[in-house]
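Before any comments, here is the structure.
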Amino acid sequence: MSPERTNRALVTGAARGIGAAIADRLAGDGLEVTTLDLAEGSDLQLDVADDPLRDEDYGEFDVVVANAGITDTIAPAHRMTDEAWRRDIDVNLTGAYRVIRAALGGMRERQYGRICAISSGAATAGLAGQVAYSASKAGLIGMVKTLAVEGLRHGITANAVLPGMIATEKVRAMPAEVRNRVEAALPTGRMGEPDEVAELVAFLCSERAGYVTGQEVAIAGGFDLNTFTLGNPGKS
């Protein structure tokens, strides 16, 4: 018989935005949620890229949502510095792996676990000016697929969620001209909401999603669809 589950969840990058929405949603499902962020007010205040992460401190988490990341390293590839490259990879990819790795031993012992990494549409489509960010988010997809394979016989699932343009506090703070240009390019005519991402993550982290693993699930309002038509778009 497998050891009893702890019903505990860890959400990184949970101080605001998508992470905060995920933490609230999981708590609403009855999970005991621990938040981790560099910002004050989190249960654990640390840097996932550099600070020590002891397995004994993370072994009781049945659910890990690796959301912590940085998005503001912007430079074309030929001008990206080594330092900027490393920081994106260290936080977005290595940081996610370090947190998940610390929890894996307990998941395997209990024969149950849910891992969800918050990737990005940039992982599959690229994003001009953010080569390090796109590469780090693409790396998360390879990571969860491998974790999914290794977890198949241990009751552990691993999936990646790929948000498109989501109306977080940071995005809403962009200049109006930029926001208007972005929204005009979206097939749905609007950005997504953090709560919508949280709903998807909550399902993937639930017992109901035990048959879903190794997947990359986009939540981007159809941004990756070809909306071109040879007909009259007004009559569609």
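Just so you know, these numbers use all the heavy atoms, side chains as well, and skip hydrogens, waters and symmetry mates. Along the sequence shown, residues carry numbers from 1.
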Do you know the tightest heavy-atom contact between [X] and [Y]?
| X | Y | result |
| --- | --- | --- |
| M143 | A117 | CE-CB, 4.3 Å |
| I156 | Y112 | CG1-C, 4.1 Å |
| G69 | V91 | CA-CG1, 3.9 Å |
| V65 | C205 | CG2-SG, 3.8 Å |
| I166 | E193 | CG2-C, 3.7 Å |
| T73 | A84 | CG2-CB, 3.5 Å |

Point-to-point distance, once rounded to the nearest 0.5 Å, from [atom1] of [X] to [atom2] of [Y]:
| X | Y | atom1 | atom2 | result |
| --- | --- | --- | --- | --- |
| I100 | F61 | CD1 | CZ | 13.0 Å |
| T71 | K170 | OG1 | NZ | 3.5 Å |
| T94 | R101 | OG1 | CZ | 9.5 Å |

Sequence neighbours excluded, every pair satisfying side-chain hydrogen bond (donor to acceptor under 3.5 Å, both in side chains) that has a member inside residues 56-66: T6-D62, R8-E60, R54-D57, D62-R110
Check the surroundings of atom CD in E169: do more than 12 heavy atoms from other residues, nucleotides or ligands lie under 6.0 Å from it? yes
Within a 6.0 Å radius of atom CZ on F203, are there more than 12 heavy atoms belonging to other residues, nucleotides or ligands? yes
Under the criterion salt bridge (Lys or Arg N to Asp or Glu O under 4.0 Å), I'd like the reasoning laid out for E216 against K145: C-alpha separation, chi angles, the key distance, then a yes or no. CA-CA 9 Å; E216 50 195 271; K145 287 183 179 293; 3.6 Å; yes
Taking side-chain contact (heavy atoms from CB on, under 4.5 Å) as the criterion, tell me which of [options] meets it with [X].
| X | options | value |
| --- | --- | --- |
| I118 | I22, V11, L140 | I22 |
| L36 | D51, L46, D43 | L46 |
| I219 | V201, L200, L162 | L200 |

Working for salt bridge (Lys or Arg N to Asp or Glu O under 4.0 Å), residues R87 and D72: CA-CA 11 Å; R87 186 57 180 164; D72 49 4; over 6 Å; no
Does E199 reach the side chain of D195, with side-chain heavy atoms less than 4.5 Å apart? no
Are side-chain N/O atoms of S42 and D37 paired as donor and acceptor at under 3.5 Å? no
Residue list, side chain to side chain contact (heavy atoms under 4.5 Å, CB included) with P76, at least two apart or on another chain: H78, R79
